A.B. asks: 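First the structure, then my questions, so here it is.
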Amino acid sequence: MPAGILPEPLKCWQSASFIPPPSAEGYNDSQVSEIRVIRALTSSGDTLSEISTLLNQSWQYRPSGWELRRQEFIIHLHYGTDETRARYLWELYTSYSPDDILAVAGSACPVAE
(Lines give C-alpha, C1' and ligand atoms only; values in the text may rest on other atoms or scores of the structure.)
Protein backbone atom coordinates (compact mmCIF):
# COMPACT_ATOMS: atom_id res chain seq x y z
CA MET A 1 0.00 0.00 0.00
CA PRO A 2 1.38 3.44 -0.87
CA ALA A 3 2.71 5.35 2.13
CA GLY A 4 0.45 7.93 3.74
CA ILE A 5 -2.77 6.69 2.16
CA LEU A 6 -5.36 4.73 4.12
CA PRO A 7 -7.28 1.83 2.56
CA GLU A 8 -10.59 3.75 2.48
CA PRO A 9 -9.45 6.49 0.06
CA LEU A 10 -7.81 3.85 -2.16
CA LYS A 11 -11.09 1.91 -2.28
CA CYS A 12 -12.99 5.09 -3.17
CA TRP A 13 -10.47 5.93 -5.88
CA GLN A 14 -10.89 2.41 -7.27
CA SER A 15 -14.69 2.73 -7.15
CA ALA A 16 -14.40 6.03 -9.04
CA SER A 17 -12.26 4.19 -11.66
CA PHE A 18 -9.27 6.44 -11.04
CA ILE A 19 -7.04 3.47 -10.26
CA PRO A 20 -7.40 -0.26 -10.85
CA PRO A 21 -7.28 -2.65 -7.90
CA PRO A 22 -3.84 -4.02 -7.05
CA SER A 23 -2.77 -7.45 -8.21
CA ALA A 24 -1.89 -10.17 -5.71
CA GLU A 25 1.65 -8.76 -5.68
CA GLY A 26 0.43 -5.23 -4.90
CA TYR A 27 0.48 -2.05 -6.94
CA ASN A 28 2.75 -1.87 -9.98
CA ASP A 29 4.78 1.22 -10.94
CA SER A 30 2.08 2.51 -13.29
CA GLN A 31 -0.58 2.23 -10.61
CA VAL A 32 1.66 3.95 -8.07
CA SER A 33 2.11 6.82 -10.55
CA GLU A 34 -1.68 7.09 -10.96
CA ILE A 35 -2.09 7.05 -7.17
CA ARG A 36 0.44 9.87 -6.86
CA VAL A 37 -1.54 11.98 -9.35
CA ILE A 38 -4.82 11.43 -7.47
CA ARG A 39 -3.04 12.03 -4.16
CA ALA A 40 -1.65 15.33 -5.46
CA LEU A 41 -5.12 16.42 -6.58
CA THR A 42 -6.76 15.46 -3.29
CA SER A 43 -3.89 17.18 -1.45
CA SER A 44 -4.97 20.41 -3.08
CA GLY A 45 -8.51 19.83 -1.77
CA ASP A 46 -10.27 18.62 -4.91
CA THR A 47 -13.19 16.24 -4.41
CA LEU A 48 -13.50 13.00 -6.35
CA SER A 49 -16.19 14.59 -8.49
CA GLU A 50 -13.94 17.55 -9.24
CA ILE A 51 -11.04 15.22 -10.06
CA SER A 52 -13.27 13.22 -12.40
CA THR A 53 -14.22 16.43 -14.19
CA LEU A 54 -10.57 17.47 -14.43
CA LEU A 55 -9.47 14.09 -15.81
CA ASN A 56 -12.42 13.45 -18.13
CA GLN A 57 -13.86 16.87 -19.02
CA SER A 58 -11.10 19.34 -18.28
CA TRP A 59 -12.85 22.14 -20.16
CA GLN A 60 -15.59 22.09 -17.48
CA TYR A 61 -13.25 22.07 -14.47
CA ARG A 62 -13.62 24.96 -12.04
CA PRO A 63 -11.04 25.81 -9.39
CA SER A 64 -11.94 24.43 -6.01
CA GLY A 65 -9.65 23.18 -3.27
CA TRP A 66 -9.35 23.56 0.44
CA GLU A 67 -10.86 27.03 0.66
CA LEU A 68 -14.09 25.68 -0.81
CA ARG A 69 -13.97 22.65 1.53
CA ARG A 70 -13.52 25.05 4.48
CA GLN A 71 -16.54 27.09 3.40
CA GLU A 72 -18.63 23.93 3.01
CA PHE A 73 -17.61 22.79 6.48
CA ILE A 74 -18.54 26.14 8.04
CA ILE A 75 -21.96 25.89 6.40
CA HIS A 76 -22.39 22.38 7.83
CA LEU A 77 -21.36 23.61 11.28
CA HIS A 78 -23.80 26.50 11.25
CA TYR A 79 -26.78 25.07 9.40
CA GLY A 80 -26.33 21.31 9.21
CA THR A 81 -27.69 18.55 11.35
CA ASP A 82 -25.60 15.96 13.15
CA GLU A 83 -26.41 13.61 10.27
CA THR A 84 -25.28 15.99 7.51
CA ARG A 85 -22.11 16.85 9.47
CA ALA A 86 -21.32 13.17 9.93
CA ARG A 87 -21.91 12.51 6.22
CA TYR A 88 -19.62 15.41 5.27
CA LEU A 89 -16.87 14.21 7.63
CA TRP A 90 -17.20 10.70 6.18
CA GLU A 91 -16.76 12.14 2.68
CA LEU A 92 -13.57 13.87 3.85
CA TYR A 93 -12.32 10.68 5.50
CA THR A 94 -12.90 8.57 2.41
CA SER A 95 -11.65 11.14 -0.11
CA TYR A 96 -8.50 12.59 1.44
CA SER A 97 -5.34 11.52 3.17
CA PRO A 98 -5.46 12.19 6.92
CA ASP A 99 -2.14 14.03 6.60
CA ASP A 100 -3.75 16.53 4.22
CA ILE A 101 -6.77 17.13 6.43
CA LEU A 102 -4.58 17.62 9.50
CA ALA A 103 -2.26 19.97 7.62
CA VAL A 104 -5.19 22.09 6.46
CA ALA A 105 -6.86 22.00 9.87
CA GLY A 106 -3.56 22.94 11.53
CA SER A 107 -3.00 25.87 9.22
CA ALA A 108 -6.54 27.11 9.82
CA CYS A 109 -6.22 26.86 13.60
CA PRO A 110 -2.82 28.20 14.69
CA VAL A 111 -1.72 27.31 18.19
CA ALA A 112 -1.29 30.27 20.55
CA GLU A 113 2.15 30.48 22.12
Side-chain angles (χ1 to χ4, degrees):
M1 181 173 313
I5 303 175
L6 295 175
E8 283 301 320
L10 286 173
K11 289 176 190 174
C12 285
W13 299 351
Q14 290 167 8
S15 294
S17 300
F18 294 149
I19 57 170
S23 66
E25 294 82 33
Y27 292 100
N28 64 35
D29 290 342
S30 174
Q31 290 170 311
V32 170
S33 293
E34 292 171 6
I35 290 169
R36 286 184 180 140
V37 169
I38 302 305
R39 172 77 164 80
L41 292 169
T42 60
S43 291
S44 69
D46 287 335
T47 65
L48 298 184
S49 175
E50 291 162 346
I51 292 169
S52 178
T53 299
L54 177 63
L55 296 176
N56 300 310
Q57 302 168 332
S58 59
W59 65 91
Q60 293 184 359
Y61 178 75
R62 289 174 176 64
S64 57
W66 287 119
E67 179 56 27
L68 183 58
R69 302 290 83 78
R70 186 184 72 78
Q71 291 171 9
E72 291 169 350
F73 190 62
I74 290 170
I75 290 169
H76 282 286
L77 287 175
H78 286 282
Y79 305 107
T81 64
D82 288 343
E83 183 180 329
T84 61
R85 287 183 204 111
R87 192 175 323 121
Y88 186 74
L89 290 173
W90 179 252
E91 287 175 21
L92 291 177
Y93 171 76
T94 58
S95 298
Y96 301 104
S97 163
D99 293 339
D100 294 333
I101 294 172
L102 291 174
V104 170
S107 67
C109 304
V111 176
E113 295 182 23

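The structure displayed is predicted, hence computed values, not measured ones.
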A.B. asks: To the nearest 0.5 Å, what is the distance between OG on S44 and CZ on R39?
C.D. replies: 10.5 Å

A.B. asks: Does any N or O in the side chain of S52 come within less than 3.5 Å of the main-chain N or O of L48, such that one atom is a donor and the other an acceptor?
C.D. replies: no

A.B. asks: Nearest 0.5 angstrom please: N28 CG to S33 OG, how far?
C.D. replies: 8.5 Å

A.B. asks: Which pair of non-hydrogen atoms, one from P22 and one from Q14, has the smallest distance, and what is that distance?
C.D. replies: CD-NE2, 3.5 Å

A.B. asks: Is a side-chain N or O of E50 found less than 3.5 angstrom from the main chain of T47, in a donor-acceptor match?
C.D. replies: yes

A.B. asks: Nearest 0.5 Å, what's the CG-CG distance between L41 and D46?
C.D. replies: 5.5 Å

A.B. asks: When you group the ILVMFWY residues by side-chain heavy-atom contacts below 4.5 Å and let the links chain together, are I75 and W90 in the same group?
C.D. replies: no

A.B. asks: Donor-acceptor pair, T84 side chain versus G80 backbone, under 3.5 Å?
C.D. replies: no

A.B. asks: State the CD1-CG distance between I51 and L54, to the nearest 0.5 angstrom.
C.D. replies: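 Spacing of CD1 (I51) from CG (L54) equals 8.0 Å.
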
A.B. asks: Quick one: CD1 on I19 to CG on L10, what's the gap to the nearest 0.5 Å?
C.D. replies: 5.0 Å

A.B. asks: Just by distance, with hydrogens left out, do T81 and R85 show a side-chain donor and acceptor under 3.5 Å apart?
C.D. replies: no

A.B. asks: Once rounded to the nearest 0.5 Å, what's the spacing between atom CD of E8 and atom OG1 of T94?
C.D. replies: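 Those atoms lie 7.0 Å apart.
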
A.B. asks: Step by step, work out the side chain to side chain contact (heavy atoms under 4.5 Å, CB included) result for F18 and V37.
C.D. replies: CA-CA 10 Å; F18 294 149; V37 169; over 6 Å; no

A.B. asks: Considering all heavy atoms of both residues, which atom of Q31 and which atom of G26 are nearest to each other, and what is their separation?
C.D. replies: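 Minimum heavy-atom contact is OE1-O, 4.0 Å.
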
A.B. asks: Considering only NZ, NE, NH1 and NH2 on the basic side and carboxylate oxygens on the acidic side, decide whether R87 and E91 come within less than 4.0 Å.
C.D. replies: no

A.B. asks: Before giving the answer on side chain to side chain contact (heavy atoms under 4.5 Å, CB included), spell out for I74 and Y79 the whole-Å C-alpha distance, their side-chain angles and the decisive distance to 0.1 Å.
C.D. replies: CA-CA 8 Å; I74 290 170; Y79 305 107; over 6 Å; no

A.B. asks: Side-chain contact test, heavy atoms from C-beta onward, threshold under 4.5 Å: evaluate it for E34 versus W13 and give yes or no.
C.D. replies: no

